[in-house]
Amino acid sequence: MPDSLLIAGVSQLLTLRGRGPRRGSALSDLGIIKDGALLVRDGLITAVGTSAQVEALPEAREAEKFDVGGRVVLPGFVDSHTHLIHAASRAEEYELKIAGASYEEIARKGGGILNSVKKLRAATSDALKQRARNALKQFAAYGTTTIEAKSGYGLDVTSELRILGLHRELSAEQPLEIVSTFLGAHTVPAEYRGRAGGAEKYVSLLLEKLIPEVASAKLAEFCDVFCDRGAFTREQAKRILEQGKKYGLSPRLHAEQLTRTGATQLAVQLGAASCDHLEHVNRADIRALAKSRTVATLLPGCDFHLGLQRYAPARQLIEAGAIVALATDYNPGTSPTVSMPMVLSLACTQLRMTPAEAITAATINGAYALRREKRIGSLEVGKQADLAVFDVADYREIPYYFGMNTCWTTMKRGKVIQKPQF
Ligand code: NIG
Ligand code: FE
């Protein structure tokens with residue numbers, strides 16, 4: 001059986017086995033197997049257990065062996081919120097922020113998202129693609145095997161379709177899975193501002209032209225709206241997401257990041273896959289999330305990068321029973337990082353999540369946020385062999401070390417996509 005692969009020598013195998021998304025105390029259960037092994041055939045896991053159990057299988061004796069040398073193995077991270085395609089950094093704004101300007105002040109002066117829109121429209125598709133390719137390699141280097149990617153720095157028909165087309169091309173040419181989200185409702189573009197009814201005209205463009213085109217070309221699976229002060233209102237978000245739903249795009253939302261708008265309750269009412277950020281949720285919002293299947297995706301990289309003190313109330317969300325996930329929100333304005341391990345470090349020190357809770361939030365609950373929990377997010381028989389090997393003795397060291405990369409190798413569907421380092 002030459003196509004089988006035995007992954008052996010695993011000191012701690014974090015299987016994340018179990019059913020359904022993890023809530024409450026179930027976030028702490030990593031399903032750890034000490035001295036574990038995995039058997040993989042055609043990219044799928046065929047056996048998981050202790051090395052004694054797995055190595056005793058007839059198929060294991062014929063398999064090619066990959067000994068990870070006593071390292072820790074876990075499911076590849078599922079980064080369920082990124083803005084992959086953008087043309088350049090916004091380091092110039094970073095300096096202004098450090099000097100005291102707020103994110104919203106910068107945005108009001110034409111910086112912020114509009115700054116990235118200007119840069120993207122002027123960039124060639126080749127340049128955008130090359131920048132994204134480099135980022136994708138970095139995602140893999142930090143242990144990520146699946147990402148969600150949003151449009152939203154184009155904000156006109158040609159540019160938005162160009163971004164979504166790049167998601168598709170990149171999916172086909174490199175190993176990471178890219179789940180595409182249409183975020184035409186990121187902000188109102190400059191050409192629609194400063195004239196009466198401009199925002200409404202842009203919403204009409206989204207409803208009548210962009211959503212139908214995106215759906216008919218099957219360029220996205222999800223539709224997202226940035227619902228906040230300075231972006232879209234709750235009422236506009238509702239119309240956009242309902243139209244998306246009508247065209248087969250599942251809703252997700254940027255909610256309560258800068259101010260509380262009631263977007264969380266809207267997300268729950270619409271049956272959104274996730275609502276993300278949540279720094280300003282109130283008790284009723286937390287209760288609504290806890291009773292729902294909408295994932296509460298926390299993005300502490302944003303607060304860290306913007307130097308904000310108010311992080312999302314992760315403990316309250318977990319204790320209430322919400323499905324908590326973690327993601328990078330990789331983007332040039334609020335969270336320029338591809339590192340899920342760094343996000344885990346922030347989740348532990350700033351959100352007061354335990355290392356086990358953070359890992360669950362970054363794997364199986366992230367998969368659930370992308371409605372892919374049947375294929376990815378845990379290491380169980382029948383699932384994809386998407387995994388990360390960390391050069392640590394104990395899984396808690398993954399968030400414990402920060403600003404350094406302890407990911408040793410990454411595999412997607414049983415193939416090494418990031419070669420063993422050091
Ligand atoms: O997720 N909040 C809106 N969108 C991004 C930031 C976009 C930007 O500043 O470029 C976010 O934080
Ligand atoms: Fe975002």
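Remember, it's 1-based here, ligands and their atoms both numbered in the order they're listed. Computed over heavy atoms, backbone and side chain alike; hydrogens, waters and symmetry mates excluded.
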Need the ligand 1 atom indices (1-based, order shown) with element for anything under 4.0 Å from a heavy-atom of [X].
{"X": "His81", "result": "1 (O)"}
{"X": "Thr334", "result": "6 (C), 9 (O), 11 (C), 12 (O)"}
{"X": "Tyr153", "result": "7 (C), 8 (C), 10 (O)"}
{"X": "Tyr103", "result": "6 (C), 7 (C), 8 (C), 9 (O)"}
{"X": "Arg90", "result": "8 (C), 9 (O), 10 (O)"}
{"X": "His254", "result": "1 (O), 2 (N), 3 (C), 4 (N)"}

Is a side-chain donor-acceptor pair under 3.5 Å present for Thr181 with Asp224?
no

Is it the case that Ser378 and Arg17 place a side-chain donor and acceptor less than 3.5 Å from each other?
no

Exercise: identify the closest heavy-atom pair between Lys245 and Leu270:
NZ-O, 2.8 Å

Between Tyr330 and His83, does the ring centroid distance fall short of 6.0 Å?
no

Phe139 and Phe77 aromatic centres sub-6.0 Å
no

Suppose you place the vertex at the Fe ion (ligand 2); what is the angle out to His254 NE2 and Asp329 OD1, to 10°?
170°

May I ask you to check whether [X] brings an N, O or S atom to under 2.8 Å from the Fe ion (ligand 2)?
{"X": "Asp276", "answer": "no"}
{"X": "His83", "answer": "yes"}
{"X": "His277", "answer": "no"}

Would you find more than 12 non-hydrogen atoms of other residues, nucleotides or ligands less than 6.0 Å from Arg133 atom CZ?
yes

Between His86 and ligand 1, which residue portion shows a heavy-atom distance shorter than 4.0 Å: side chain, backbone, both, or neither?
neither

Please check if the side chain of Glu397 supplies one atom and the backbone of Ala393 the other of a donor-acceptor pair under 3.5 Å.
yes

Would you please determine whether His83 falls within less than 4.0 Å of ligand 1 on a heavy-atom basis?
yes

Identity and separation of the nearest protein heavy atom to atom 4 (N) of ligand 1
His186 NE2, 2.9 Å

Could you find the nearest protein heavy atom to atom 2 (N) of ligand 1 and give me its residue, atom name and distance?
Gln257 OE1, 2.7 Å

Answer yes or no for Arg90 and Tyr94: cation-pi contact, defined as NZ/CZ to six-membered ring centre under 6.0 Å and angle to ring axis within 45°.
no

Mark yes or no: Arg372 above the aromatic ring of Tyr368, with NZ or CZ under 6.0 Å from the six-membered ring centre and no more than 45 degrees from the axis.
no

Min over Thr187, Asp276, Val117, Asp329 of heavy-atom distance to atom 11 (C) of ligand 1 lands on Asp329

Relative to the Fe ion (ligand 2), which of the N, O or S atoms in His81 is the closest?
NE2

From CD (Gln236) to CG (Leu206), nearest 0.5 Å:
9.5 Å

